[in-house]
Every structure is written in structure tokens, then in C-alpha cells.
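Below you'll find the structure, written out as C-alpha cells, and then a few comments.
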Amino acid sequence: MAKPKRLEGGKGGGKGKARGSRGPAKGAKDVGLSSNSRPKFKRNSGKFKPKSRGKPVVKGKEKEKRAQPSVGPGSDGEAVITTGAKRKRQEQQGEGKQEGDKRFKVLVKKVKEKQPLTRKERRELKKRKRKNYDLISQTLQLWEKLRRHDLKAVERSDLLDQMMSLITGHIYEFALKHDTARIVQCCLKFGTPPHHTTIFTELKDHVVQLSKSKYAKFAVKAMMRLGTPEQRHQLISGLYGNVHRLARHKEAADVLETAYNDYANSSERANLVQEFYGRKFALFKSKEGEEKGLGEILGGGEVGERETVLEHMREALAKLLDKSVVRHSIVHRALLDFLTHCDHTSRSDMIDQLKELLVEMLHTRDGSRVTLLCLWHGTPKVRKAIVKSFKPYVRKICVEENGHVVMMGVFDTVDDTVLVRKHILSEMALGLGELCESPVGRRVVLYLLSPRNRRHFSSQFLRNVLEPGDGNKHTKKPREVRHRELLEGVAEPLLSLARERASDWARSKPHSPLLLQIAASLPGAVAHIGAPLVELLAADFDPSDHFVVHPCGHWVVKRLLTSEEIGGGGEGGNGEEGGEGEEGGGEERENEDEKRGGSGEKETGGDEIEKTRSFAEMILEGVSEDNIRAWTNTNRGAFIVCSLLSSKVNGVREKTKTILEPALKTIRTGTLEGQKALWKDINSNNNKTNH
């Protein structure tokens with residue numbers, strides 16, 4: 001087939017080639033084109049104007065005219081904004097008459113006269129476009145009255161009835177909007193059980209959609225908090241099948257956390273967590289009382305099911321490792337199950353992903369256990385990253401109910417004591433006073449002073465929480481060496497704090513064990529702690545208000561004297577039962593005193609003498625003899641004198657007997673239990689001396 005000849009003529013009707021032109025050029029008949037064909041543009045002196053591809057430029061008054069919306073009433077008298085053909089049709093039908101309040105009429109007049117509107121007026125017109133505008137306005141006015149706390153009960157009841165009659169049938173729509181969501185929340189807050197039931201009936205089938213809303217999620221939380229157990233169960237059941245998706249949603253994860261952590265029972269918790277195990281567990285829920293943990297599922301499953309479940313968990317949890325999601329307790333539970341039952345390779349991969357996120361997790365019980373597992377099974381490199389991530393939050397972690405356990409795990413596990421002293425102990429030293437005032441913070445300090453001491457920590461806690469990490473392959477330094485190196489990092493600030501607060505701590509039942517443990521664990525601590533205590537003992541004796549008759553103070557003095565008697569292990573030292581290492585310690589101390597010539601002091605100067613003086617010697621030197629004799633007239637004071645009389649520090653026993661000689665008659669005829677015990681000790685010492 002022969003090719004057609006090229007058209008002659010160019011743009012604008014000129015000569016030349018006309019490639020791409022839409023209309024026929026000159027001589028079109030010669031190539032067989034229809035004579036009726038017409039170009040799609042008009043020629044004008046050889047030129048044409050193409051169609052504009054952008055919006056037309058509007059200037060001046062025409063711009064203002066287009067910017068002003070037209071306003072008209074709806075068929076039911078409700079004000080609506082109309083434009084274009086709809087407005088013309090209403091005007092033709094006689095519906096253009098404006099109605100409404102005075103303010104709205106002013107706006108309509110300005111729109112008609114094409115006057116510029118203020119920002120507030122434009123916002124008012126925009127509000128009137130909304131669906132159910134009159135209903136929303138009316139309910140918001142009622143809400144302004146209803147939320148007042150000084151409203152009388154009768155008036156509130158009437159307003160609630162009015163409000164519920166207005167919003168019934170529209171509750172779901174109201175719960176999703178930013179301004180009307182507070183109306184639903186207010187009805188839940190001040191409403192009665194029948195009101196709660198009405199709201200619950202309309203919202204129970206939309207729990208997932210409401211949970212994803214920035215505003216409606218608060219209504220779901222309020223229904224869980226105020227609803228009946230049956231309603232709460234239905235709300236939690238509404239989350240089934242969507243747990244994994246909700247856990248990744250910024251707003252819905254908050255609702256899921258509240259449901260799991262605050263309101264779900266053990267059966268509901270198990271069903272929620274099981275959705276991380278696989279699709280089968282999301283669709284088919286266990287009956288109440290028949291729930292199984294991951295260990296039971298993996299142990300009693302079919303061949304190959306273990307690998308399938310763990311692989312699904314690995315993929316599901318990998319998508320949740322985000323700072324905004326990983327802090328929720330349901331995620332911590334799933335991670336704990338996975339790390340407990342997975343193989344070594346999967347555990348190492350997961351720990352490597354979690355090492356920077358653990359600080360977001362350790363505030364929950366399961367999260368703290370996950371952190372301990374990461375410390376136990378992590379390599380030295382991973383442990384270093386974990387410890388470094390803790391540095392800005394050390395003091396906060398030490399006072400958390402669950403987080404403080406992680407600090408104990410760090411002290412037990414990490415061999416790099418230089419790293420721990422730099423990033424952990426340095427931060428603890430800055431807030432040591434705050435930690436010692438906190439009941440939880442004191443546990444961390446006590447564990448640092450005497451780890452695994454069953455005087456301060458229960459056997460069950462040590463056995464179930466900390467001892468499972470013993471023997472891990474990445475911890476090789478002996479515990480005693482690691483403990484000594486760590487203790488050197490806080491010894492100086494702890495001694496300074498103990499000297500400063502010894503007077504108050506000795507009178508405080510929660511603080512006195514810490515004071516005694518400092519004296520038992522830190523060299524030279526008795527000199528720091530004893531000086532302020534001797535000042536209290538040397539005060540003028542008042543039988544009703546003196547340190548020796550204080551319920552806690554006299555016990556601290558007795559324990560300090562007893563610790564010297566048994567060789568410095570008053571609070572158990574570092575022994576687990578508080579008794580190991582105590583027997584025979586007194587003999588060593590007595591032998592040392594004999595080698596020093598019976599003085600109990602070194603001949604090297606004032607500072608060394610102060611460091612080696614015993615607490616009993618400090619009492620006998622700092623307290624007057626009259627005061628010591630006066631102590632025997634009180635029950636608790638007499639027991640303190642018994643401790644002095646039983647001291648094995650060289651010279652203390654003899655000096656105490658000399659002081660008591662003028663008061664022997666009073667002690668012998670005394671009826672107090674302390675006086676009887678003291679007289680018995682005096683007689684036994686006399687018999688030993690005569691023998």
C-alpha cells in the first residue's frame with residue numbers, strides 16, 4: 001500500500017510540513033480527506049489560542065464574588081450553605097427566604113451584599129455546613145452546664161435525661177468527632193447504669209473502629225472502667241481477631257494496653273496474647289479455664305507445629321519493635337514467651353534488635369524479665385549497648401517497682417565493672433540520697449552492699465528472678481571480685497551520706513537495716529556512723545525521750561555492738577543467711593587486739609586511730625559514766641549495757657564493770673527484764689574471772 005503524501009502547509013496556515021496539526025492543511029482534498037472535516041480551533045489572522053490547562057486567573061471583584069458562599073435554609077428550617085444550580089432552584093421555588101437567629105441573618109446579609117467576612121464569621125458559616133448542626137449546638141450548650149462540678153444532683157439528672165434523649169441514635173457519630181466526643185464521655189462520667197447501657201448498646205459493635213479514633217478511644221476506656229463485668233467482657237471480646245493490627249496502631253494500642261493490663265481476667269489475657277502465636281489462635285478461642293500457655297502449646301502440639309508457631313511469632317514481633325508500641329505490656333508478654341522457648345539463633349537475633357529498646361520495656365514485670373534474659377544471653381558487645389542505653393534513666397530505673405530488678409541483674413552479670421561504674425554507679429552516686437529515701441531504691445543499694453543476702457531479699461525472689469541467670473556462658477569473673485570492684489565505686493559517697501544522716505536513719509525502721517549494712521560492708525564505716533550516734537547517746541538522760549529508749553535507736557546500737565562481738569558481720573556480711581563468716585570473727589578480732597597490745601588501736605596517728613576504734617570504745621569515751629549508769633534504770637538501756645558487758649573488744653568489758661559498780665545494788669533489786677539480764681551477765685563475768 002502506497003504511503004500518503006505529507007501535507008503541505010504549516011502552523012498558522014503557512015507553507016511547510018504540518019506534523020501534529022489537528023486540522024487538514026491546504027491541499028487536503030488531494031489526499032482524499034473529507035471536505036467536511038473542520039479544525040477544532042478557529043483561525044484568527046493565522047494564529048490560534050490553545051485551551052488553558054490551568055485554572056483561570058480571577059482578579060478584583062470577581063475574586064471576592066466567588067469567595068463568598070451563598071446561604072439558605074434547609075427544608076426543615078435548618079440553615080445550610082448552598083451554591084450554584086441548587087441555590088437558583090431554591091430561589092425559583094420561593095425557598096430563598098432567610099430564617100434563623102439574629103446573628104445568622106447578619107451573616108446572610110453580608111454574604112448577599114458581598115461584604116468581606118471575618119475569620120470568625122467564616123468559621124461560623126463552615127460549622128453550619130455540618131450534619132446535625134442544630135442538634136450538635138443544642139447538646140453542646142447542655143454539656144456546658146452539665147460538666148460543672150457545682151451543679152446540684154437534681155439539675156444534673158434532668159440535664160442528663162435531656163442530653164440522652166437528644167443523642168440517642170447518634171452516639172456512634174458523636175463519639176468520633178472531636179467536639180462531640182466529650183459529650184459522650186460526660187454522659188458516661190455522670191450517667192447512671194441505664195445511661196451507660198444505652199451508650200454501650202450503640203457502641204458495642206464498633207469497638208475496633210472506636211479504638212482507632214483519636215477521640216473515641218476515651219469513650220471505650222470509660223465504658224471499660226464504668227461498665228458491668230458482662231459489658232467489659234463484651235468490649236474485650238470485640239478486640240479478638242484484631243489484636244496484632246491494633247497493637248501496631250498508635251491510638252488503638254493504648255486501648256489494647258488498658259484492656260489487657262487493667263480490666264482483662266486471666267482467661268481474657270491468655271486469649272489476647274495467643275493471637276501472636278498464629279492465625280489459628282486468633283480465630284478459635286479457648287474456653288474459660290482451658291487456656292494454655294506457649295509452653296503447653298509447643299509441648300503438646302503436632303509435629304512441626306513448634307517451628308510454625310515460633311516463626312509466626314518472630315515475624316509478628318519484628319513488626320512491633322517500635323518505641324511507641326514496644327512499651328505496652330501485652331507486647332512484653334509475647335516477647336517473654338518467645339525468648340523463653342525459641343532456639344539460640346532466634347534468641348540472639350531478637351536480642352540484637354531489642355538491645356536499644358529495653359529501656360522502654362523494663363517498667364513492667366514481663367518487660368523486666370525480658371531485659372534480664374537479654375542480659376543473661378547477650379554477648380559482651382550487646383551488654384555494653386544495653387548498659388549505655390540505661391545511663392540517662394539510671395535513677396528512675398532504680399526506684400521503679402519492676403525496673404530495679406534489672407539493676408541487680410546488671411550487678412550480677414556484667415563483668416566489665418569499669419563500664420558499670422562509668423554509666424550506672426556514677427549516676428547512682430549523684431542521686432544517692434534520693435535512692436536511699438525510696439523503699440525500692442534502698443533495695444538496689446542493699447544489693448550492691450550485700451548481694452544475695454537473705455536478710456534483705458526473700459529466698460523465693462532470689463530463686464525465681466535472679467538465680468536462673470547464674471552460670472551463663474558470657475559471665476566469667478568471680479562474683480566476689482566483681483562485687484568488690486563495684487562497691488569501690490560507691491563507697492565514698494555512701495559513707496559521706498551515712499555520716500550525714502546517721503542520726504535520722506538510726507531512728508527510722510526502714511532505714512536502720514541500710515545503716516547497719518553500710519557499717520558491716522564498708523571499711524571504716526563504724527567511725528563515720530558511730531560519731532553522730534555517740535553524740536545522741538551523750539545527751540542528758542531523759543527516761544521518756546532519749547536515744548537509748550527509742551524503739552529503733554536502741555536496736556541499732558545493740559546491733560552495732562553485737563557485730564563487733566561476732567567479728568563485723570552484724571547484718572550477715574555477704575553471706576546468704578547472715579550467719580556464715582560470723583562465727584570465729586570475734587576470735588580473730590580478739591587476737592588482733594591482743595597483738596596490738598590490748599589497746600585496739602594502731603600507733604600510726606590520729607586518723608588511723610579513728611578508723612580502727614570500735615563502737616564500744618567510742619561509747620565509753622564519749623558518754624559520761626553517770627549516763628551509762630542511768631541507762632540501767634530503763635529496760636532498753638539495760639540491754640545496751642548488757643551488749644557493752646558482753647563485748648569482746650579488749651578492755652571494754654573491764655571498764656564497763658568498773659562504771660557499774662556504784663549501781664550494782666539497784667541492778668540486783670531491779671524488776672525489769674533488762675536489769676535481770678544485766679545482773680545475770682555481771683555474775684557470769686565474775687565467775688569467769690574467779691575461775
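- Annotation for Q460: atom CD does not count as buried by contact number, only 12 or fewer foreign heavy atoms lying within 6.0 Å.
- At a cut-off of 3.5 Å, with distance as the only test, a side-chain donor of S346 or D343 sits close to an acceptor on the other residue.
- With respect to the salt-bridge test (charged N to carboxylate O, under 4.0 angstrom), the residues K384 and D416 do not qualify.
- Interatomic distance, I183 CD1 to I171 CD1, rounded to the nearest 0.5 Å: 11.0 Å.
- Formation of a donor-acceptor pair under 3.5 Å by the H423 side chain with backbone atoms of L419 is not found in this model.
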(message) Apply side chain to side chain contact (heavy atoms under 4.5 Å, CB included) to residues L160 and H195 and explain how you reach the verdict.
(response) CA-CA 9 Å; L160 269 172; H195 295 151; 4.0 Å; yes
(message) Applying salt bridge (Lys or Arg N to Asp or Glu O under 4.0 Å) to R482 and D412, what does each step give before you reach the verdict?
(response) CA-CA 8 Å; R482 185 172 56 252; D412 278 347; 5.1 Å; no
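- Classified by interplanar angle (parallel below 30°, tilted 30° to 60°, perpendicular above 60°), the ring pair F276/H244 is perpendicular.
- Distance check: I424 CD1 to L486 CG gives 10.5 Å after rounding to the nearest 0.5 Å.
- Between the S438 side chain and the E434 main chain, no donor and acceptor come within less than 3.5 Å of each other.
- Listed for the H483 side chain is a donor-acceptor partner under 3.5 Å among the backbone atoms of L448.
- Electrostatic pairing of E485 and K477 counts as a salt bridge here, judged by a charged N lying under 4.0 Å from a carboxylate O.
- For CZ of R365, the number of neighbouring non-hydrogen atoms (other residues, nucleotides, ligands) closer than 6.0 Å is 12 at most.
- For the pair D504/S508, no side-chain contact is recorded, criterion being any heavy-atom separation below 4.5 Å from C-beta on.
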(message) Evaluate Q162 against L142 for side chain to side chain contact (heavy atoms under 4.5 Å, CB included), listing each step before the verdict.
(response) CA-CA 8 Å; Q162 295 179 42; L142 289 175; 3.8 Å; yes
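- Shortest non-hydrogen contact noted between L435 and C398 is CD2-CB, 3.7 Å.
- Contact between Y215 and Q185 at its shortest, heavy atoms only, is O-NE2, 3.6 Å.
- In this structure the side chain of L497 reaches within 4.5 angstrom of the side chain of W505, judged on heavy atoms.
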(request) Report the C-alpha distance between L446 and N453 in whole Å, list the side-chain angles of each, state the deciding distance to 0.1 Å, and finish with yes or no for side chain to side chain contact (heavy atoms under 4.5 Å, CB included). (result) CA-CA 9 Å; L446 282 169; N453 189 337; over 6 Å; no
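- Listed for the T180 side chain is a donor-acceptor partner under 3.5 Å among the backbone atoms of F174.
- Using a cutoff of 4.0 Å between basic side-chain nitrogens and carboxylate oxygens, R245 and E275 are not scored as salt-bridged.
- Side-chain contact, H170 with E202: no donor N or O sits under 3.5 Å from an acceptor N or O.
- Contact between L203 and Y172 at its shortest, heavy atoms only, is CD2-CA, 3.7 Å.
- Annotation for L188 and A219: closest pair CD1-O, 3.8 Å, computed over non-hydrogen atoms.
- With a 6.0 Å radius and a threshold of 12 heavy atoms from other residues, nucleotides or ligands, E401 has its CD atom at or below the threshold.
- Using a cut-off of 4.0 Å between Lys/Arg side-chain N and Asp/Glu carboxylate O, E251 and K212 are scored as not salt-bridged.
- At least one side-chain heavy atom of L373 sits under 4.5 Å from a side-chain heavy atom of H377.
- Checked by atom type and distance alone, the side chain of H550 pairs as donor or acceptor with a backbone atom of C552 at under 3.5 Å.
- You'll find the side chain of V382 stays beyond 4.5 Å of the side chain of C374, heavy atoms only.
- Of all the heavy atoms in T139 and M163, the pair that sits closest is O-CE, 3.6 Å.
- Distance alone, capped at 3.5 Å, is enough to place a donor-acceptor pair between the R347 side chain and the C342 backbone.
- Ion pairing between R479 and D470 holds under the 4.0 Å rule for side-chain N and carboxylate O.
- Looking at R148 and D150, a side-chain N of the basic residue comes within less than 4.0 Å of a carboxylate O on the acidic one, giving a salt bridge.
- When all heavy atoms of M408 and R443 are compared, the closest pair comes out as CE-O, 3.8 Å.
- Ion pairing between K152 and E155 fails under the 4.0 Å rule for side-chain N and carboxylate O.
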(message) Test side chain to side chain contact (heavy atoms under 4.5 Å, CB included) on F390 and L362; report intermediate values, then the result.
(response) CA-CA 10 Å; F390 290 165; L362 48 78; 3.6 Å; yes
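- Within the 4.5 Å cutoff, the side chain of V399 has no heavy atoms near those of the H404 side chain.
- Using modelled atom types and a 3.5 Å distance limit, the side chains of R383 and T475 yield a donor-acceptor pair.
- E268 places no side-chain N or O within donor-acceptor distance of the main-chain N or O of I236, the cut-off being under 3.5 Å.
- Under the salt bridge (Lys or Arg N to Asp or Glu O under 4.0 Å) test applied with E437, the options R395, R501, R442 reduce to a single match, R501.
- Checked for salt-bridge contact, R182 and D179 miss the test: no charged N lies under 4.0 Å from a carboxylate O.
- Within 6.0 Å of atom NZ in K391, more than 12 heavy atoms from other residues, nucleotides or ligands are found, so the atom counts as buried in its surroundings.
- At most 12 heavy atoms of other shown residues, nucleotides or ligands fall within 6.0 angstrom of atom NZ in K422.
- Distance check, rounded to the nearest 0.5 Å: CD of Q234 to CE of M224 gives 12.0 Å.
- By the 6.0 Å contact criterion, CZ on F461 is enclosed, its count of non-hydrogen atoms from other residues, nucleotides or ligands being greater than 12.
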(message) What verdict does the salt bridge (Lys or Arg N to Asp or Glu O under 4.0 Å) test give for R333 and D337, after you've listed the backbone C-alpha separation in whole Å, the side-chain angles of each residue and the deciding distance to 0.1 Å?
(response) CA-CA 6 Å; R333 181 64 200 179; D337 286 345; 3.4 Å; yes
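- By the 4.5 Å heavy-atom criterion applied to side chains, R269 and Y260 are counted as neighbours.
- Residues H363 and H332 place their aromatic rings such that the two centres sit under 6.0 Å apart.
- Between K476 and D415, no side-chain nitrogen of the basic residue sits less than 4.0 Å from a carboxylate oxygen of the acidic one, so the salt-bridge criterion is not met.
- Side chain of R327 to main chain of V359: no donor-acceptor pair is present (N/O by atom type, distance under 3.5 Å, no hydrogens or angles).
- With hydrogens and angles disregarded, a donor-acceptor distance shorter than 3.5 Å links the side chain of T198 to the backbone of P194.
- Side-chain contact check for T371 versus L354: every heavy-atom pair is 4.5 Å or farther apart.
- Residues M361 and V326 are in side-chain contact: their nearest non-hydrogen atoms beyond the backbone lie under 4.5 Å apart.
- Of the listed residues (E467, R454, R452), just one forms a side-chain hydrogen bond (donor to acceptor under 3.5 Å, both in side chains) with S459, and that residue is R454.
- Without hydrogens or angle criteria, S157 side chain to A153 main chain gives no donor-acceptor distance under 3.5 Å.
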